[in-house]
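In what follows, every heavy atom counts, from backbone to side chain, and hydrogens, waters and symmetry copies are set aside. Reminder, nothing fancy here: chain letters follow the sequence lines and each chain counts from 1.
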There are 2 protein chains.
Amino acid sequence: MTADGEHGGLDFWSFVELANRRLATEYGFRHQLATELLLTLNRASNIVTYDLEASVHRPRGRSWSGFRLLFVTWLAGPLEAKKAAELTGMSRAAVSNLAKTLVADGLLARTPGEHDGRSVLLSLTERGTEEMVELFREQNEREYEWASVLTEAEQRILVMLLDKLVSNRDQFDVRGRN
Amino acid sequence: MTADGEHGGLDFWSFVELANRRLATEYGFRHQLATELLLTLNRASNIVTYDLEASVHRPRGRSWSGFRLLFVTWLAGPLEAKKAAELTGMSRAAVSNLAKTLVADGLLARTPGEHDGRSVLLSLTERGTEEMVELFREQNEREYEWASVLTEAEQRILVMLLDKLVSNRDQFDVRGRN
DNA sequence: GCGAGGTAGTAAATGCGTGAACTATATGGG
DNA sequence: CCCATATAGTTCACGCATTTACTACCTCGC
C-alpha cells in the first residue's frame with residue numbers, strides 16, 4: 001500500500017495512484033489514464049514555469065508574462081499586438097497591459113500600423129534587445145538544466161507528443177481566449 | 001520559408017522554427033531544444049487547462065483551482081490544508097482562501113486537527129461529494145477527448161517523460177512555492 | 001518547566017490576467 | 001456612397017494567487 005490512512009507520506013505520485021484506484025473501483029470512472037496525463041502535464045508545466053520565473057525573471061524585476069511578450073517581440077520582429085497575443089497565448093488585454101509597463105520601462109516601442117489604422121506594432125528598443133539577450137542567456141542555461149534530465153531523443157519525443165496533443169484540437173470546439 | 005516577413009501566417013509552430021533559427025545563427029545560443037521543449041510544454045498545459053476551465057468549470061461557477069482543491073480533498077479523504085497545498089501545487093495561502101469560499105458554498109468542511117492544534121482538516125460535505133462526482137464526470141469526458149488524440153502507448157510514454165522531467169529536480173535547487 | 005526555534009494557518013497588500021464594455025477603424029453589400 | 005457588421009486595441013471591474021507578516025501552537029534541549 002503506497003498511500004497510508006493518515007497521509008503521512010502521500011506525495012503527488014502516490015496520490016495519482018490512489019486517485020486512479022478510487023475513481024475506478026468506487027465510482028466506476030473509465031478514463032483514468034486521461035486524468036493522469038492531464039494532471040501530470042499541468043503539474044510539470046507549473047513546476048518548471050514557477051522555477052524559471054522565480055530564479056531568472058523575478059530577481060531582475062520581470063514577470064513570466066512580461067518575458068514571454070518580450071521574447072516573441074524580440075524574435076518575431078515588429079508585430080501587431082494581436083499577433084503577439086496569439087503567439088504568447090495571452091488575451092489581447094494582457095498584451096495591452098504588459099506593453100504599457102514595458103514601454104514605460106523603455107524596453108518596448110509602440111508604433112501605429114501602416115496598413116491598418118487600428119493596429120499597433122510592437123518592437124523592442126535597443127535597450128530592450130540588449131536586456132533580452134542577457135535575460136535569455138540566463139533562462140536558456142536554466143532551461144538546459146531542466147531538459148538535461150532527459151536524453152535528446154526523449155526530449156524530441158516529448159515535444160512531438162505534446163505537439164500532437166494540442167494539434168488536433170480543431171476536431172472538437174475548444175475554448176480559447178478572446 | 002515558413003515565416004514570411006509580414007507574419008501573416010505565423011503560427012506557434014513556425015514561430016518556434018523561426019526562434020530556433022535566429023537564436024542559433026544570430027545570437028549563437030546552444031540549447032534550442034531545451035527552449036522548444038519548455039515552450040511547448042507551457043503552451044500545451046495552458047491550452048488544455050484553459051479549455052477544461054472554460055468548458056466544464058466556469059459554466060458551473062467553479063474555478064480551476066477550486067476544482068483542484070475539491071478533487072484532492074475528495075479522493076485523498078480528510079487531509080490537512082498543508083497537504084492539500086502540496087498535492088495541488090498551490091501556496092498554503094491559496095488553499096486557505098479557496099477553502100473559505102468553498103466552506104461558504106457548503107461543499108467543504110473544516111475541522112480542527114486532532115493531534116495538532118495548529119492544523120485544520122479539510123473534507124467534503126455530502127453535497128460537496130455529490131457535486132464532485134457530477135463535476136468530475138463532465139471533466140473526465142472532456143479529458144478523454146483530449147487524450148484520445150494520442151494512442152494509449154503514447155499517453156503512457158508522455159506521462160513517463162513528464163514525470164521524469166520533474167522527478168530529478170532535487171539535483172539542483174529548484175524554487176518552489178511557500 | 002521554559003525559552004528558542006520551527007511549523008500550520010490566516011490576513012493584508014500587491015500584482016496580474018480575464019471578460020465585458022467601449023472607441024476607432026476597416027470592409028462589404030445594397 | 002453609406003450603413004451594418006466585424007475587428008484592433010484599450011480601459012475597467014473583478015477574481016485569484018503570491019508574498020509578507022502575524023498568531024497560535026508544537027518541540028526540543030537546557
Problem set entry | Residues in side-chain hydrogen bond (donor to acceptor under 3.5 Å, both in side chains) contact with Glu26(A), at least two apart in sequence or another chain | Arg22(A)

Seminar exercise, completed: Quick note, side chain to side chain donor-acceptor pair (under 3.5 Å) partners involving residues 95-110 of chain B, not counting sequence neighbours, are Arg62(B)-Asp105(B)

For this session: Please tell me which of the listed nucleotides, dA20(C), dC16(C), dT19(D), lies nearest to the side chain of Ala93(B)?
Result: dT19(D)

Exercise. Quick one: Arg58(B) CZ to dG15(D) P, roughly how many Å, whole number?
Worked result: 10 Å

For this session: Measure the distance from CD on Glu114(A) to P on dA26(C) and round it to the nearest whole Å.
Result: 13 Å

Exercise. Quantified as the angle between the terminal helix axes (five pairs each), what is the overall bend of the helix from dG1(C)-dC30(D) to dG30(C)-dC1(D) to 10 degrees?
Worked result: 20°

Exercise. Phe15(A) and Asp11(A): side-chain contact (heavy atoms from CB on, under 4.5 Å), yes or no, with the steps?
Worked result: CA-CA 6 Å; Phe15(A) 167 70; Asp11(A) 62 0; over 6 Å; no

Exercise. Which residues satisfy the side chain to side chain contact (heavy atoms under 4.5 Å, CB included) test with Glu86(B), sequence neighbours excluded?
Worked result: Lys82(B), Lys83(B)

Exercise. Rounded to the Å, how far apart are Leu98(A) CG and dT18(C) C1'?
Worked result: 13 Å

Problem set entry | Distance in angstrom units between Leu79(A) CG and dG9(D) C1', rounded | 15 Å

Problem set entry | All side-chain hydrogen bond (donor to acceptor under 3.5 Å, both in side chains) counterparts of Asn20(A), not counting sequence neighbours | Glu36(A)

Exercise. Which whole-number value in Å describes the distance from Glu53(A) CD to dT19(D) C1'?
Worked result: 12 Å

Problem set entry | Partner residues of Thr111(A) under the side chain to side chain contact (heavy atoms under 4.5 Å, CB included) criterion, sequence neighbours left out | Leu121(A)

Exercise. Just by distance, with hydrogens left out, do His57(A) and Glu138(A) show a side-chain donor and acceptor under 3.5 Å apart?
Worked result: no

Exercise. Taking C-beta and beyond as the side chain, do Val120(B) and Glu80(B) meet within less than 4.5 Å on heavy atoms?
Worked result: no

For this session: Give the rounded distance in Å between these two atoms: CG of Asn97(B) and P of dA11(C).
Result: 8 Å

Exercise. Under 4.0 Å between a side-chain N or O of Ser91(B) and OP1 or OP2 of dT18(D)?
Worked result: yes

Pull out every protein N or O sitting under 3.5 Å from an N or O of nucleotides 1-4 of chain C, one pair per line with the distance.
none

Exercise. How close or far is atom P of dG15(C) from atom CZ of Phe67(A), stated in whole angstroms?
Worked result: 22 Å

When you compare the protein's N or O atoms with those of nucleotides 7-9 of chain C, which come within less than 3.5 Å of each other, and at what distance?
residue : atom : partner   : partner atom : Å
dT7(C)  : O2   : Arg118(B) : NH1          : 2.6
dA8(C)  : OP1  : Lys82(B)  : NZ           : 3.3
dA8(C)  : OP2  : Lys82(B)  : NZ           : 3.2
dG9(C)  : OP1  : Ala81(B)  : N            : 3.1
dG9(C)  : OP1  : Val120(B) : N            : 3.0
dG9(C)  : OP1  : Val120(B) : O            : 3.2
dG9(C)  : OP2  : Lys82(B)  : N            : 2.6
dG9(C)  : N7   : Arg92(B)  : NH1          : 2.7

Problem set entry | Closest approach of Leu10(B) to Ala76(A) (non-hydrogen atoms, all atoms of both residues) | CD2-CB, 4.0 Å

Problem set entry | Sequence-distant partners of Thr49(A), side chain to side chain contact (heavy atoms under 4.5 Å, CB included), two or more places apart | Ser45(A), Trp64(A), Asn42(B)

Exercise. How would you list all residue pairs meeting salt bridge (Lys or Arg N to Asp or Glu O under 4.0 Å) that involve residues 158-168 of chain A, not counting sequence neighbours?
Worked result: Lys164(A)-Glu154(B)

For nucleotides 3-5 of chain D, tabulate all protein N/O to nucleotide N/O atom pairs closer than 3.5 Å, reporting atom names and distance.
none

For this session: Return each pair, listed once, that meets ring pair (Phe, Tyr, Trp, His ring centres under 6.0 Å) where at least one residue sits in residues 74-94 of chain B; pairs must be two or more places apart or across chains.
Result: Tyr27(A)-Trp74(B), Trp74(B)-Phe136(B)

Exercise. Is the backbone N or O of Leu162(B) less than 3.5 Å from a side-chain atom of Thr40(A), with the two atoms forming a donor-acceptor pair by type?
Worked result: no

For this session: Considering just the side-chain nitrogens and oxygens of Lys100(A), establish if one lies under 4.0 Å of OP1 or OP2 belonging to dG9(D).
Result: no

Exercise. Is there side-chain contact between Leu38(A) and Leu52(B), with at least one heavy-atom pair below 4.5 Å?
Worked result: yes

For this session: Would you kindly give the NE2-to-C1' distance between His57(B) and dG15(D), to the nearest whole Å?
Result: 17 Å

